[in-house]
Amino acid sequence: MIEKIKEISDAVSEKISQITSLNELGDLRVRYLGKNGEITALLKGLKNISAEERPSVGKHINELRQKVDELLNSYEERFITFQKEKKMKEEEIDVTLSLPDKNACGSLHPLTLAKNELINAFTGMGFSVLEGVEVEEDYYNFQLLNIPADHPARDMQDTFYITNKILLRTQTSAVQARTMLSQKPPIRVICPGKVYRADDDATHSPMFHQMEGLVVDKNVNICDLKGCLDEFARSFFGADTRTRLRPSYFPFTEPSMEMDVSCFMCHGKGCRLCKGTGWIEVLGAGIVNPVVLDNCGIDSKEYSGFAFGIGIERCAMLKYGIPDIRILFENDLRFLRQYK
Ligand code: DAH
């Protein structure tokens, strides 16, 4: 019996050193300590031993059972700890790594920023906002605005024609005609939007944005125009901005003029931005030509008006110091991120 005990003890020691999983460990426990296990069988066999030997043999078997039980428990514990550590290593994450870019926050495009600021400047003076259409009829874009077919003034705008009568609008002035035909004075609207011309260089793009302004009411005159545009210039370019009006020509206004603002970089002294003149051209404007009022069903003897057209890219380029119009349409994130 004592020999059998020794044999089992050695076998357990050897087998336990070879196990590779918790399942195998469980099998060992069943094999030796289970209901029909080898050590359990030894205990059951005690009844066949003489009464004198029984206490001492029983003691040995109990010691063996206890030893095997402790051995299995300690292996089980080591196994569980080992597996836990292995899992932790495999699933390790570095919480100090910087966040992926998808969590970065977007921002408005500089053109949208400029457009919003222009709109704010005029809605603050009581103007409402209209948009019009980009695929426009020759009739609204040219004819009603006193630019008949074959008129030399058409050469001022290189046009994308879709048919003889339909084109991509070359100017937001087209919305003027539509507005006068559909609204009765008093009219006070601005019309921001895309316009198209066959033109492409560092300061011209085939698609760009303008904002048209139109006021029609009784007794509207150049002083009203100048007051309104001065207010806009100070709101958009800075409170100390000065303005000047220069004579110009547009078929839909009479008289016509262009407005310059004092250079906000050198304050009039002359620099690279204003090409040494101290002034920067920002918009075209004028008193609505009576022919246009009459074309659009508004009695030019009763009403008068003023109009202006602002280039939004030009305003954004001036305000944000952007040297080339094409940068605005490339959507290079390194450029756009500067305007957060
Ligand atoms: N439509 C003109 C252009 O695209 C800009 C303009 C000038 C608009 C004078 C006006 C205006 O309403 O009165 O060059």
Side-chain angles (χ1 to χ4, degrees), residues 115 118 122 127 129-134 136-148 151-160 167-181 183 187-199 203-217 220-230 232-233 243-261 281-293 295-296 298 300 303-315 325:
K115 184 179 96 174
L118 288 170
F122 286 100
F127 283 74
V129 182
L130 282 181
E131 289 204 315
V133 294
E134 286 171 37
E136 184 55 283
E137 291 175 42
D138 184 292
Y139 184 61
Y140 297 101
N141 192 84
F142 289 131
Q143 290 177 43
L144 287 175
L145 298 175
N146 199 30
I147 316 175
H151 192 283
R154 290 211 179 197
D155 288 349
M156 288 161 69
Q157 299 179 4
D158 304 301
T159 311
F160 290 113
L167 43 83
L168 295 180
R169 72 176 173 195
T170 60
Q171 49 185 355
T172 44
S173 305
V175 191
Q176 274 192 30
R178 287 184 174 274
T179 306
M180 285 188 269
L181 283 166
Q183 290 185 23
I187 294 171
R188 216 180 283 138
V189 292
I190 47 169
C191 323
K194 293 185 177 70
V195 296
Y196 302 84
R197 291 185 200 177
D199 222 351
T203 51
H204 296 90
S205 154
M207 184 283 296
F208 62 105
H209 298 75
Q210 284 187 331
M211 198 178 77
E212 191 75 14
L214 174 70
V215 171
V216 181
D217 204 349
V220 174
N221 58 40
I222 292 187
C223 292
D224 299 320
L225 168 61
K226 182 161 167 37
C228 174
L229 293 181
D230 280 356
F232 146 70
T243 63
R244 73 176 185 188
L245 296 173
R246 278 181 296 102
S248 184
Y249 171 74
F250 301 102
F252 33 88
T253 44
E254 184 58 39
S256 300
M257 54 208 80
E258 275 167 341
M259 187 177 87
D260 298 339
V261 294
E281 182 196 321
V282 289
L283 57 85
I287 293 297
V288 181
N289 193 325
V291 175
V292 173
L293 290 178
N295 281 350
C296 299
I298 291 178
S300 61
Y303 292 101
S304 57
F306 68 77
F308 53 87
I310 305 175
I312 300 182
E313 277 77 4
R314 182 156 174 75
C315 287
I325 196 170

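As the structure lists them, so they are numbered: ligands from 1, and atoms in each ligand from 1.
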**Q.** Under 3.5 Å: donor-acceptor pair, side chain of Arg169, backbone of Asn141
**A.** no
Q: Classify the angle between the aromatic ring planes of Phe122 and Phe232 as parallel (below 30°), tilted (30 to 60°) or perpendicular (above 60°).
A: parallel
Q) Just checking, any donor-acceptor pair under 3.5 angstrom between side chains of Glu212 and Gln176? A) yes
Q) Rounded to the nearest 0.5 Å, what separation is found between the CG atom of Leu293 and the OH atom of Tyr303? A) 11.0 Å
Q: Give the intermediate values and the outcome of side chain to side chain contact (heavy atoms under 4.5 Å, CB included) for residues Cys228 and Phe127.
A: CA-CA 11 Å; Cys228 174; Phe127 283 74; 3.9 Å; yes
For ligand 1, list all ligand N or O to protein N or O distances below 3.5 Å, rounded to 0.1 Å.
unit_1: ligand 1; atom_1: 1 (N); unit_2: Gln171; atom_2: OE1; d: 2.8
unit_1: ligand 1; atom_1: 1 (N); unit_2: Ser173; atom_2: OG; d: 3.0
unit_1: ligand 1; atom_1: 4 (O); unit_2: Arg197; atom_2: NH2; d: 2.7
unit_1: ligand 1; atom_1: 4 (O); unit_2: Gln210; atom_2: NE2; d: 2.8
unit_1: ligand 1; atom_1: 12 (O); unit_2: Gln176; atom_2: NE2; d: 3.0
unit_1: ligand 1; atom_1: 12 (O); unit_2: Glu212; atom_2: OE2; d: 2.5
unit_1: ligand 1; atom_1: 12 (O); unit_2: Phe308; atom_2: N; d: 3.4
unit_1: ligand 1; atom_1: 12 (O); unit_2: Phe308; atom_2: O; d: 3.4
unit_1: ligand 1; atom_1: 13 (O); unit_2: Ala307; atom_2: O; d: 3.2

**Q.** From CA spacing to verdict: side chain to side chain contact (heavy atoms under 4.5 Å, CB included), Glu134, Leu168
**A.** CA-CA 6 Å; Glu134 286 171 37; Leu168 295 180; 5.6 Å; no
